[in-house]
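Remarks on the structure that follows.
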Amino acid sequence: MAIIRHRSVQLGDVEVFYREAGDPDAPVLLLLHGFPTSSHQFTRLMRRLAGRWRLIAPDLPGFGETVTPEGFTFTFDRLAEVLGDFVEALELRRYALYVFDFGAPAGLRLAVSRPSEVTALITQNGNAYVEGLGPAMPDFASLTDEAEARRGFAEILGPDQIKWQYTEGARDPETIDPSNYLLDRYFLDRPGRTEAMQDLLWDYRNNPPVYPKFQAWLRETQPPVLAVWGRNDRFFVPAGAEAFRNDVPSAEVHFFDTGHFALEEDVEPISELIDRFLAARH
């Protein structure tokens with residue numbers, strides 16, 4: 001089994017924790033996790049891909065083991081700035097990008113700001129189109145009262161809702177390891193994390209207006225795109241995966257009979273698709 005190393009790097013007043021596996025000289029795949037988890041969601045995937053690729057998975061600010069200072073501004077613009085500092089610190093000049101959930105708006109901002117660095121895009125239920133917003137997503141047009149919205153977000157952060165994100169749409173919920181969502185709950189219980197999540201959920205309404213910039217980057221640079229999507233996801237529906245073909249006609253799109261956290265049930269076929277996809281382009 002591949003060795004995964006657990007490291008951290010100091011970026012000003014932010015200490016970013018990250019997992020790394022594979023040959024340091026191999027082509028890089030930068031893995032960006034979603035809400036409400038951290039880089040631990042990629043452990044099984046990293047062990048399967050480390051034979052040919054250098055895998056790097058940071059914990060975004062507000063998540064996992066990454067440490068942020070008091071007064072840190074939790075917005076997707078700020079997450080992207082930290083990611084920019086992160087790739088600079090690790091001297092990553094060329095990398096494929098894997099985005100999921102919250103990792104998509106953060107990672108695609110990174111791609112827009114550094115278009116020459118991204119060699120390929122793998123999106124696993126990582127949305128960039130209005131068509132992809134599913135019924136479990138808030139009605140952004142109605143989010144005008146921040147205090148009321150934050151009360152609703154507090155419910156989303158409850159243990160039952162965290163578990164639901166993993167099990168909803170799964171073929172067999174008994175195969176989902178409870179330790180995953182229990183670990184998420186542990187990190188959410190750290191001081192300041194509830195407020196950080198509420199800040200990011202409130203800021204999420206600013207992502208759809210930026211979608212045209214993401215789409216322009218796709219059209220102009222035509223990166224190889226692989227979409228691997230849990231078709232039963234209630235947050236980001238299959239139309240969001242198909243929409244990548246509007247801007248990158250060569251995009252590969254594959255659906256799996258599972259939910260939002262597609263790697264939980266389908267890590268094996270997804271890892272095989274990623275390995276083949278990257279090998280054809282490196």
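- Using a distance-only test at 3.5 Å, with no hydrogens or angles considered, a donor-acceptor pair links the side chain of Arg44 to the main chain of Leu263.
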Between Asp189 and Arg185, does the salt bridge (Lys or Arg N to Asp or Glu O under 4.0 Å) criterion hold? Intermediate values first, please. CA-CA 6 Å; Asp189 284 338; Arg185 185 66 253 169; 2.8 Å; yes

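- With values rounded to the nearest 0.5 angstrom, Ile4 atom CD1 is found 13.5 Å from Tyr18 atom OH.
- Taken to the nearest 0.5 Å, the CD atom of Gln222 stands 6.0 Å off from the OG atom of Ser250.
- At least one side-chain heavy atom of Thr43 sits under 4.5 Å from a side-chain heavy atom of Arg19.
- Here the straight-line distance linking atom CD of Glu70 with atom CG of Asp13 works out to 11.5 Å at 0.5 Å rounding.
- Put simply, CD on Glu65 and CZ on Phe17 are 5.5 Å apart, with the number rounded to the nearest 0.5 Å.
- A donor-acceptor pair shorter than 3.5 Å can be found between the side chains of Asp275 and Trp53.
- Connectivity analysis of hydrophobic side chains (ILVMFWY, heavy atoms under 4.5 Å, direct or indirect) links Tyr186 to Leu183, Phe187.
- Under the 4.5 Å side-chain heavy-atom criterion for Ile, Leu, Val, Met, Phe, Trp and Tyr, Phe100 and Phe277 are members of the same hydrophobic cluster.
- Salt bridge annotation for Asp199-Arg150: present, with a cationic side-chain nitrogen under 4.0 angstrom from a carboxylate oxygen.
- Taking the six-membered ring for Trp and the full ring otherwise, Phe63 and His33 have centroids separated by under 6.0 Å.
- Here the CD1 atom belonging to Ile274 is positioned 12.5 Å from the CZ atom belonging to Arg52, to the nearest 0.5 angstrom.
- Side-chain atoms of Leu121 and Phe244, non-hydrogen and from C-beta on, do get closer than 4.5 Å to each other.
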Evaluate Asp266 against Arg171 for salt bridge (Lys or Arg N to Asp or Glu O under 4.0 Å), listing each step before the verdict. CA-CA 10 Å; Asp266 289 301; Arg171 292 188 303 278; 3.0 Å; yes

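- Rounded to the nearest 0.5 angstrom, Leu157 CG and Leu201 CG are separated by 6.5 Å.
- Taking the centre and axis of the six-membered ring of Trp217, the NZ or CZ atom of Arg219 falls outside the cone set by 45° and 6.0 Å.
- Of the options Arg54, Arg114, Glu117, a side chain to side chain donor-acceptor pair (under 3.5 Å) to Tyr95 is made by Glu117 and by none of the others.
- Arg281 contributes no side-chain N or O that, together with a main-chain N or O of Ala96, makes up a donor-acceptor pair within less than 3.5 Å.
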I would like to know whether Arg276 and Glu252 meet salt bridge (Lys or Arg N to Asp or Glu O under 4.0 Å); could you show each step before the answer? CA-CA 12 Å; Arg276 177 181 56 78; Glu252 287 187 40; 3.3 Å; yes

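- In this structure, the side chains of Tyr98 and Leu30 stay at 4.5 Å or more apart for every pair of heavy atoms.
- Checked against Trp164 for a ring-ring contact (aromatic ring centres under 6.0 Å, His included), the options Phe261, Phe235, Tyr181 give a single hit: Phe235.
- Residues Tyr166 and Asp177 have side chains that never bring a donor and an acceptor to within less than 3.5 angstrom of each other.
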Using residues 101-112 as the side-chain source, report each donor-acceptor pair under 3.5 Å to any protein atom, sequence neighbours left out, with the distance given to one decimal.
from	atom 1	to	atom 2	distance (Å)
Asp101	OD1	His260	NE2	3.0
Asp101	OD2	Phe35	N	2.7
Arg109	NE	Asp77	OD1	2.7
Arg109	NH1	Pro105	O	3.1
Arg109	NH1	Asn207	OD1	2.8
Arg109	NH2	Asn207	OD1	3.1

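- Side-chain atoms of Thr75 and Asp203 include no donor-acceptor pair closer than 3.5 Å.
- Between the side chains of Arg94 and Thr119, not a single donor N or O lies within less than 3.5 Å of an accepting N or O.
- Screening Thr66, Val82, Leu83 against Leu60 for a side-chain contact (heavy atoms from CB on, under 4.5 Å) leaves a single residue, Leu83.
- Using modelled atom types and a 3.5 Å distance limit, the side chains of Asp59 and His40 yield no donor-acceptor pair.
- A donor-acceptor contact closer than 3.5 angstrom is absent between the side chains of Asn180 and Gln41.
- Under the 4.0 Å criterion applied to side-chain N and carboxylate O atoms, Glu148 and Arg151 are not assigned as salt-bridge partners.
- Close placement of the Phe76 and Tyr204 rings is indicated, their centers lying within 6.0 Å of each other.
- Contact between Met46 and Leu31 at its shortest, heavy atoms only, is CG-CD1, 3.8 Å.
- Around atom CD of Gln10, more than 12 heavy atoms belonging to other residues, nucleotides or ligands sit under 6.0 Å away.
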